[in-house]
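Here's the structure, in structure tokens; my notes come after.
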Amino acid sequence: MTTMTAAQRREREKAEFDAYMEACPTHQLVGILGNKWSAMILGRLAGGTRRYAELARTMPGVSAKMLTQTLRSLERDGLVSRSVTPSVPVQVEYTLTLLGERIIPLVTAMHRWADHNIDEIHAARARYDAATPAS
């Protein structure tokens, strides 16, 4: 039996933890919903199918590149489906999949919780910052 240094043991434990986090379903979901625009797009699509331009108009702070990347990511994750109608100009529509519809109650609950609790978080941060010396 070989002995390990403390640094080697920490490195092994870190690798095991990283593997656990990579496989953790909750961590993966937080990664999806933690994207700056994902929850907002899902919320917009909860109201029904939307064309790309319509989504872009309802979220003026998102760039076309970021909107496209986020929609592709949500499509890849199976939460959104994309439909292209060959016309001039081409019409692209996005709809929640069944999986996407099932995540809406969670997104709604997060939104509701944030609306009711964000002021307390801001107050806690202010108290902490006031009591903690600047580094």
Side-chain angles (χ1 to χ4, degrees):
M1 175 181 202
T2 60
T3 59
M4 280 191 220
T5 66
Q8 290 170 325
R9 190 176 62 254
R10 281 193 303 274
E11 188 61 34
R12 187 194 71 211
E13 290 169 354
K14 181 185 180 313
E16 290 171 0
F17 183 76
D18 288 348
Y20 164 77
M21 289 302 286
E22 185 71 26
C24 176
T26 303
H27 182 72
Q28 293 175 41
L29 179 61
V30 169
I32 293 167
L33 294 180
N35 174 292
K36 184 174 182 177
W37 300 105
S38 292
M40 188 175 290
I41 290 171
L42 291 169
R44 295 292 193 272
L45 292 175
T49 299
R50 305 252 187 203
R51 291 179 57 188
Y52 179 89
E54 185 180 1
L55 281 170
R57 272 194 306 277
T58 64
M59 298 184 301
V62 65
S63 68
K65 177 183 176 183
M66 187 52 60
L67 178 58
T68 298
Q69 285 179 348
T70 306
L71 285 165
R72 284 182 183 158
S73 178
L74 293 170
E75 184 179 8
R76 180 175 180 254
D77 291 332
L79 300 172
V80 170
S81 66
R82 178 178 185 262
S83 162
V84 178
T85 304
S87 60
V88 179
V90 172
Q91 291 184 3
V92 180
E93 295 181 328
Y94 293 90
T95 307
L96 290 176
T97 61
L98 181 57
L99 184 62
E101 289 174 5
R102 292 196 321 246
I103 204 169
I104 293 302
L106 176 60
V107 173
T108 301
M110 286 175 32
H111 178 78
R112 193 173 303 125
W113 188 93
D115 282 348
H116 288 98
N117 295 284
I118 199 67
D119 290 339
E120 287 183 55
I121 290 173
H122 291 161
R125 286 179 181 172
R127 285 189 306 273
Y128 179 90
D129 291 347
T132 305
S135 49

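Every value quoted in this text rests on a predicted model; they were computed, and no experiment measured them.
For the atom pair CZ (Arg76) and CD (Gln69), the distance works out to 13.0 Å, reported to the nearest 0.5 Å. The structure places NZ of Lys36 at 12.0 Å from CD1 of Ile41, a figure rounded to the nearest 0.5 Å. Expressed to the nearest 0.5 Å, how far NE2 of His122 lies from CG of Asp119 amounts to 7.0 Å. Considering CD of Gln28 and CG of Asp77, their distance stands at 9.5 Å, rounded to 0.5 Å. Between atom CG of residue Leu74 and atom OG of residue Ser81 there is a gap of 11.5 Å, rounded to the nearest 0.5 Å. Note that CE of Met40 is 11.0 Å distant from CG of Asn35, once rounded to the nearest 0.5 Å.
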Discussion item. Show, in sequence, the C-alpha distance, side-chain angles and deciding distance for Arg10 and Lys14, and conclude whether the side-chain contact (heavy atoms from CB on, under 4.5 Å) test is met.
Written reply: CA-CA 6 Å; Arg10 281 193 303 274; Lys14 181 185 180 313; over 6 Å; no

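Residues Met110 and Met59 are members of one and the same hydrophobic cluster, defined by side-chain heavy-atom contacts under 4.5 angstrom among Ile, Leu, Val, Met, Phe, Trp and Tyr. Criterion: ILVMFWY side-chain heavy atoms under 4.5 Å apart, direct or through other members. Under it, Leu45 and Val84 are part of a common hydrophobic cluster.
The salt bridge (Lys or Arg N to Asp or Glu O under 4.0 Å) check on Glu54 picks up Arg50, with sequence neighbours excluded.
Heavy-atom minimum distance, Thr58 versus Leu55: OG1-O, 2.9 Å.
Residue pairs meeting the salt bridge (charged side-chain N to carboxylate O under 4.0 Å, His left out) criterion with at least one member in residues 60-75, sequence neighbours excluded, do not occur.
The main-chain N or O of Asn117 is never found under 3.5 Å from a side-chain atom of Glu120 such that the two would form a donor-acceptor pair. At least one donor-acceptor pair under 3.5 Å links the side chain of Thr70 to the backbone N or O of Met66. Side-chain N or O atoms of His116 include one that pairs as donor or acceptor with a backbone N or O of Arg112 at under 3.5 Å. A side-chain donor-acceptor contact under 3.5 Å links Tyr52 to the backbone of Ala64.
The closest side-chain heavy-atom distance from Leu33 to Leu42 is below 4.5 Å.
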If you look only at distance, which donor and acceptor atoms sit under 3.5 Å apart when one is on a side chain in residues 87-106 and the other is two or more places apart or in another chain?
from  : atom 1 : to     : atom 2 : distance (Å)
Ser87 : OG     : Pro89  : O      : 2.7
Tyr94 : OH     : Arg82  : NE     : 3.3
Thr95 : OG1    : Thr49  : OG1    : 2.8
Thr97 : OG1    : Gly78  : O      : 2.5
Thr97 : OG1    : Leu79  : O      : 3.3
Thr97 : OG1    : Leu99  : N      : 3.4
Thr97 : OG1    : Gly100 : N      : 3.1

